[in-house]
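A quick note: this is a predicted structure, and the numbers were derived from the prediction, not measured. Throughout, protein chains are lettered first and strands after them, A, B, ... in sequence-line order, and every chain is numbered starting at 1.
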Number of protein chains: 2
Amino acid sequence: MSKTKPVTIVEVAAAAGVSIATVSNVLNRGGIRSSQETIRKVEQAAEQLGYRRNTVAAGLSRSKTFEIGLIIPSFGGYYGNLAEYLQLEAYNAGYHLSVFTSGWFNPLIERKNIEVLLQRRVDGLICHGLAMGQESTRSLVNNGTPLVMINGWGWPADIAVGAVNLGFAGACRDSVALLVERGCDSLIYVGSKRSSVINEQRLQGFYAGLAQLGRDIPYQVVDNWEVDIEVILRDSLAGASERVGLVAFDDVVALKVVSAANKLGIRIPEQLQITGINNDIMAEISYPAISSWSIPYPLQAGTAINKLLHAFGQQDVRTEEREFEVPLSFIERETTKFM
Amino acid sequence: MSKTKPVTIVEVAAAAGVSIATVSNVLNRGGIRSSQETIRKVEQAAEQLGYRRNTVAAGLSRSKTFEIGLIIPSFGGYYGNLAEYLQLEAYNAGYHLSVFTSGWFNPLIERKNIEVLLQRRVDGLICHGLAMGQESTRSLVNNGTPLVMINGWGWPADIAVGAVNLGFAGACRDSVALLVERGCDSLIYVGSKRSSVINEQRLQGFYAGLAQLGRDIPYQVVDNWEVDIEVILRDSLAGASERVGLVAFDDVVALKVVSAANKLGIRIPEQLQITGINNDIMAEISYPAISSWSIPYPLQAGTAINKLLHAFGQQDVRTEEREFEVPLSFIERETTKFM
DNA sequence: CTGTTAGCGCTTTCAA
DNA sequence: TTGAAAGCGCTAACAG
């Protein structure tokens, strides 16, 4: 715990009897060949003195930090999972990931944190959704730092080098088909306007599912934050509907629905069928367990990092499309397992 | 998106017709006074040229990065919440927080990430639990970077400047008392050995609660990962016990218990009462809603950051104790609301 | 109040 | 294969 000043290459060089350039070559650079003897001397000196590279100095010197910044709305649930996979993928590519939140889509915090990241001269930026508008973003990231959006639809190429988007629309569309197939004769979509852009995608998918049914079916669209789910459920089942199908914004909303149904004595899946999204832990341990759409994190994270590497000029590009859509996969559990 | 090289103080100085030192004084330093005229010229030039401070260079020059590193087991649930509050507290103190995970207590990943943080010359480190042993930690953090532990009991002063620990033991102890008071005539503790140190604290509290009961009561201790909760519940209620009290490791485990009870038709809270820990979102939306112990994040995060500031030599110290215990507060919900 | 100058620790030509 | 030296952008004495 003593305030020891860290040892530098200067000291290592002195101890090894070589120049600092040589130390730098041996320790921190690949490709540059040195004699076995020199390598041995340098490594031994470094080891013995407890040398630890100063990446701040290295970053300044090379004007390249090997750091990637990530902005997510919060660390919770799906966002946190994504961050974990991104961290791993970044590491495998030789980069480090600095994770910041936007305090649940707070444009001020978001802006401030992006600014911090830019001041740190991160090599690239990954932003999940974005509370700021596109103009705001453009003026902030005007310096050429590559930006990859996650769940950002329709961002122009001069702002973002690309986007990796989850196939929410497809998942909701298919949920509708599946619920109807399972015998539901009326449908409800329970959204969450708290995340507007993302909610929109899902709603769009819900409508698409309705449209491709080939026939009309009663449905309603409500918001998790505005209505009492118990009331909605009771009213729906009091009507002509024998079996209601419910598409929930995510698994948190789905669990709320399950709880309300349990409380009201509504039988799942006989009277009510539910699909969630995200495949959160609570979907698995709920009773009845919730059918949900799971996210292929490795693919999502890998694609995002790859787009960045591509922008850095390092190859290994898996995909060329600017907006890449990651498909979700259905995990069927008890809230729909009725045939 | 063009690869513009960022503007530096040199260019701002030229545009403003002053020296780089003056620019530095005006833009990046507090306390140093300049004439109004100079300030105006410099700020205008900076604004117009789009100057953004390079904190990498500043960090190198001052040998102080104003960065704090945080290691948590994962971004999920409680850990993610904590990270969010720490980020806020750090920011308020003029620092930035870089968050890394240890991949669920993986000593290798943990070590690697701490090493990365140290290479970045963070001013301080906050570690949540730690998979590595104390010796390992000592040799890694031997350079004088202050380390604050979260939920680390018994760390010597030469490794960690202090610790901020949650009062799990107290919460579990009080849970026992409360459950018995609510009429439970036998108890179960369902732990999670996946997080050994933390589990131990809780178990200790459970035993303490038992001890201060003043009389014997049947109990059992099981592990969430080793047993089938349904079996445990059925067996317990098949015995002489009229009402079982269950102390769950956290709200995830508590929700598993609630689900099992719902499935078996066990009535909550008449036959079974449950307490969780963490006050996770799922405790609130479960049915029945789960009584849980909530964590005072602002206090916990604030104390941790404060200990670091103290170690940095900046004052504003709220507490002197090396190991500070943060008390949890009980949120009573339906799983115990029976009198 | 402002400018000169010597670093911070490392990387990277370019010669030797 | 190795080393001398010029930066990278900013800060912090120290003079003026």
Side-chain angles (χ1 to χ4, degrees), chain A residues 3-43 45-46 49-67 94 118-123 143, chain B residues 3-43 45-46 49-67 94 118-123 143:
Chain A
K3 270 270 169 59
T4 329
K5 212 167 105 318
V7 351
T8 72
I9 51 171
V10 175
E11 303 161 58
V12 175
V18 297
S19 75
I20 61 166
T22 301
V23 174
S24 178
N25 284 340
V26 172
L27 259 28
N28 304 327
R29 231 145 41 126
I32 281 71
R33 302 194 47 76
S34 305
S35 74
Q36 286 305 314
E37 174 60 5
T38 311
I39 295 181
R40 200 193 51 70
K41 280 190 304 184
V42 171
E43 284 180 341
L49 268 51
Y51 170 74
R52 173 144 47 210
R53 184 193 202 181
N54 183 333
T55 53
V56 178
L60 176 60
S61 180
R62 309 199 277 187
S63 1
K64 163 111 190 167
T65 55
F66 289 94
E67 180 177 359
L118 256 18
Q119 288 191 180
R120 282 156 75 135
R121 296 297 188 269
V122 292
D123 295 331
N143 62 335
Chain B
K3 270 271 169 58
T4 328
K5 211 166 106 315
V7 351
T8 72
I9 50 171
V10 175
E11 302 162 59
V12 175
V18 298
S19 75
I20 60 164
T22 302
V23 174
S24 178
N25 284 342
V26 172
L27 260 28
N28 305 327
R29 235 147 37 125
I32 282 74
R33 302 194 46 78
S34 305
S35 75
Q36 285 307 313
E37 174 60 4
T38 310
I39 295 181
R40 201 193 51 71
K41 281 191 303 184
V42 171
E43 283 180 341
L49 268 51
Y51 170 74
R52 173 144 46 209
R53 184 192 202 184
N54 183 332
T55 53
V56 179
L60 176 61
S61 179
R62 308 200 275 185
S63 356
K64 164 112 189 166
T65 55
F66 288 94
E67 181 177 1
L118 256 17
Q119 288 191 179
R120 282 158 74 135
R121 297 297 189 268
V122 291
D123 296 330
N143 62 334

Nearest-angstrom distance from the residue atom [atom1] of [X] to [atom2] of [N]:
{"X": "B:Lys41", "N": "C:dC1", "atom1": "NZ", "atom2": "C1'", "value": "12 Å"}
{"X": "A:Ile9", "N": "C:dG7", "atom1": "CD1", "atom2": "C1'", "value": "14 Å"}
{"X": "B:Leu60", "N": "C:dA6", "atom1": "CG", "atom2": "C1'", "value": "13 Å"}
{"X": "B:Gln36", "N": "C:dT2", "atom1": "CD", "atom2": "P", "value": "10 Å"}
{"X": "B:Arg62", "N": "D:dA12", "atom1": "CZ", "atom2": "P", "value": "6 Å"}
{"X": "A:Lys64", "N": "C:dC10", "atom1": "NZ", "atom2": "C1'", "value": "17 Å"}
{"X": "A:Leu49", "N": "C:dG9", "atom1": "CG", "atom2": "C1'", "value": "15 Å"}
{"X": "B:Leu27", "N": "D:dA12", "atom1": "CG", "atom2": "C1'", "value": "17 Å"}

Item to check | Earlier contact from the 5' end, DNA chain C, for B:Arg121 and B:Ile39 | outcome: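 It is B:Ile39, whose closest nucleotide lies nearer the 5' terminus.
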When we call it a touch if two heavy atoms are under 4.0 Å apart, what does [X] touch: a base, just sugar-phosphate, or nothing?
{"X": "A:Ser24", "value": "base"}
{"X": "B:Val18", "value": "sugar-phosphate"}
{"X": "B:Ser63", "value": "nothing"}
{"X": "B:Ala58", "value": "sugar-phosphate"}
{"X": "B:Arg53", "value": "sugar-phosphate"}

Next on the checklist: I want to confirm an ordering. Mapping A:Ser34 and A:Ile20 to their closest nucleotides on DNA chain D, which one lands closer to the 5' end?
Outcome noted: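 Result: A:Ser34.
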Checklist entry - From B:Arg121 CZ over to B:Glu67 CD, what is the distance, rounded to the nearest 0.5 angstrom? => result 12.0 Å
Checklist entry - Going from OG1 on A:Thr55 to CG on A:Leu60, what distance comes out if it is rounded to the nearest 0.5 angstrom? => result 11.5 Å
Determine: side-chain N/O of [X] to OP1/OP2 of [N], distance under 4.0 Å, yes or no.
{"X": "A:Asn25", "N": "C:dT11", "value": "no"}
{"X": "B:Arg29", "N": "D:dA12", "value": "yes"}
{"X": "B:Ser19", "N": "C:dT2", "value": "no"}
{"X": "B:Asn28", "N": "D:dT11", "value": "yes"}

Checklist entry - Is a donor-acceptor contact shorter than 3.5 angstrom present between the side chain of B:Ser61 and the base of C:dG7? => result yes
Among [options], the nucleotide that comes nearest once only the side chain of [X] is considered:
{"X": "B:Thr38", "options": "D:dA5, D:dC10, C:dC1", "result": "C:dC1"}
{"X": "A:Ala21", "options": "D:dG3, C:dG9, D:dG9", "result": "D:dG3"}
{"X": "A:Lys5", "options": "C:dG9, D:dG9, C:dT11", "result": "C:dG9"}

Next on the checklist: Test side chain to side chain contact (heavy atoms under 4.5 Å, CB included) on A:Arg53 and A:Leu27; report intermediate values, then the result.
Outcome noted: CA-CA 9 Å; A:Arg53 184 193 202 181; A:Leu27 259 28; over 6 Å; no
Item to check | With B:Ser34, the side-chain contact (heavy atoms from CB on, under 4.5 Å) member among B:Val42, B:Val26, B:Val18 | outcome: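 Testing each of B:Val42, B:Val26, B:Val18 against B:Ser34, the sole residue satisfying side-chain contact (heavy atoms from CB on, under 4.5 Å) is B:Val26.
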Checklist entry - Where is the tightest heavy-atom contact between B:Leu49 and B:Ala15, given as atom of each residue plus distance? => result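 Shortest heavy-atom separation between B:Leu49 and B:Ala15 comes out as CD2-CB, 4.1 Å.
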Checklist outcome for this item: Shortest non-hydrogen pair, B:Thr65 vs B:Val122, comes out as OG1-CA, 3.6 Å
